Amino acid sequence: MHANSLTLSQNPMHIFDQNYIQDPTQDSQCKTTPIQSQHNRIRLPSLFPLIARYRTPIAGLARRQASMARLSPPPGHVPISPAPHTEDTGGHPSAAKVRVPPDDLGHRSTLSETRGPPPLLFNAIIRGHSRFGSPHSVLQMFVQMLAIGLAPDHYTFPFVLKASADIPLFPLGQSIHSLCLILGFEGDRYVGSSLINMYVKCGDVGRARKVFDGMFLRDASCWNALIDGYMKTGDVRSAEEVFGTMRETERNVVSWTAMIAGYSQNGVADRALGLFDEFLMTVRSGCDGVRPNWMTVASVLPACAQAGALEQGRRIHRYATDMGLDRHVGVQIALVTMYAKCGSLRDAHSCFDRICIDDKDVVAWNAMITAYTSHGMGTEAVETFEDMIRSRVAPDAITFTSLLSGCSHGGLVDRGMKYFESMKANHNVEPRSEHYACVVDLMARAGRLDEALGIIERMDVEPGASVWGALLSACRTHRNLDIAEIAAKRLFMLEPENCGNYALLSNMYANVGRWEEAKRLRSLLKERGVKKSPGCSWIEINGKAHAFFCGKNDHPEMREIYMFLEDLPKRIRAAGYVPDISFVLHDVSEEEKECNLMTHSEKLAVAFGILRTRAGAVLRVTKNLRICGDCHMMIKFVSKVYEREIIVRDVNRFHCFKAGVCSCRDYW
DNA sequence: ATAGGGTTAG
């Protein structure tokens, strides 16, 4: 072991925690150190002792020289490296000049003395692994490169950083960063944006920002990587700030797309759509060739899907067709999902059919299976799955969550159980907590609560909140308070902030007249400061969305709506409607309770739709939460009495009300 | 050769 191989504290550039350099007493030979990654255990030869070898006065000198050269190449400076310094790369030190200290066997290796592949060849191999292999294989090659004493250059780092961003393990990325600093590549724009991206993927935007702030030459990639970083952490405002700081000429397609995608993913659908339009405006006014590409379209479509904005979605579909962007499978898949989530299964299916057979990958099939599942069409979901298997596309974990949940909603209990068992056995997909949630849901919905509980007890992975949540929700339907208490107890620990669980159990107590316990839960809810997220529903009429909030009456036509709703119970009671007051949380008198129910946002939206559209028109309502049981019942009667088809999309699925029945067969 | 997209769960 070299005494000088860990001069960390003397290195003015270090921003690293010493702990990340592993056991300095270990020899610097390639040792295998297990690294815990999120899903599987991987074994990588430890990078740390290897990197430590570069941490020497010689290497440090090379770094400083490199830094100087990059900042101000001396007049008449003739680079020794084979590749002349160019403007574009900023003049990097040649790998050949970085001398690496001898390893334990006394081999002193520099490029000139090392026989074997030159770094150029290593870079090519690493690029190949980056493209076609796994992040692990990239790192393996990188380790080999270091092990024979070759110094990576500014071409090597972007791939290696991308690989460590994909893993993503903070200490791994950080130690590679440290090597970047030692070798003097921190100023490179490619390396810089890769570093930003790596820290973002490791979940540390703060460090990403630090790298960004420390760069003197920033190109669009650095800005874009930072925008993406803020969006991924849900910090929409900071992302907006960064985007706003960029000059208009600096923004490229990626900047716009990162913003639009970020809005979509953070549930700000209206801003995603707004920015997309703004983008189109700049295209029309400017002539700099920055225009939406297929990724931009694929990023804005989820916003339409989320908002249930069918008309907007159609408009963007037309735009994509006009621009020739609809031939890309990414756009086609996004279209399937958009149409499905906007309630038009027919359009979803025709988009799916138009995907050419070679392009139908697992994601495409998943989109179609999910489309059927969300519409409660279990049989069709199963058929689509079988088609998928026949066309030899291997299903993944997502395929099975969709398929199983489709079976569950479609009441296909035995079929679902069979698929669950075949997951591991025939398709080599390991069941995870969410798959257990689906089969627990499957059993529990069918009223087989004890069996469902048995499944949970025999699980070989830790049951997550969704597993217990499925059980609790079914307990309500089947009025089993004993098992509900077991499930709720777990849920209160697993997700104390979720108000739905408290509400559900409280209502169940109230239903059987155990008021004290119901009250206790409600005060617990208050005590923990759990906020009920406000119910909101919206309906698109003539391409314009009208939003309604539970209990709020700021809509200009609220008077009319309330008059309609006041009259409604009388009309539909004749058809057999009895309000179910157990869906009200508050402690109020019976009459008041009924009144509270009447302010539910989905009722307001449906009423507005009936009032504002011609007789017989289909109503499409979207709700941010799960539909309330009383509303569900009431809308069934409305569909019968007013002879309307009413499609309500709640947070889980679609409910198509027609002639007094719902497509979910009351499995909601 | 860097950055961006599409599928999921009561």
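Lettering of chains follows the sequences in order, A, B, ..., and the numbering in each one begins at 1. Computed from a predicted model, the values in this text were never measured in an experiment.
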Roughly, in whole Å, what's the span from CG in Asp650(A) to C1' in dA9(B)? 14 Å
Any chance the side chains of Thr370(A) and Ser402(A) put a donor and an acceptor closer than 3.5 Å? yes
Length of the line joining Ile455(A):CD1 and dG10(B):C1', which is rounded to integer Å: 15 Å
Going 5' to 3' through nucleotides 2-7 of chain B and flagging B where a protein heavy-atom sits under 4.0 Å of the base, S where only the sugar-phosphate is that close, and - otherwise, we get BBBBBB
Lys/Arg-Asp/Glu bridge criterion (N-O < 4.0 Å) met for Asp347(A), Arg314(A): yes
Is it the case that atom CZ in Arg218(A) sees more than 12 heavy atoms from other parts of the structure closer than 6.0 Å? yes
To the nearest 0.5 Å, what is the distance between NE2 on His435(A) and CD1 on Ile398(A)? 8.5 Å
Would you mind reading off the distance between Met459(A) atom CE and dA9(B) atom P, rounded to a whole angstrom? 17 Å
Does dG10(B) have OP1 or OP2 under 4.0 Å away from a side-chain N or O of Ser405(A)? yes
Euclidean distance, atom CG of residue Leu471(A) to atom C1' of dA9(B) [Å, nearest integer]: 15 Å
When rounded to the nearest 0.5 angstrom, what distance separates CE in Met338(A) from NE2 in His317(A)? 7.0 Å
Atom-to-atom span, OH of Tyr372(A) to C1' of dT8(B) - whole angstrom: 19 Å
Send over the distance from Arg445(A) CZ to dA9(B) C1', rounded to a whole Å. 12 Å
Kindly state whether the ring of Trp365(A) and the ring of Phe352(A) have centres lying under 6.0 angstrom apart. yes
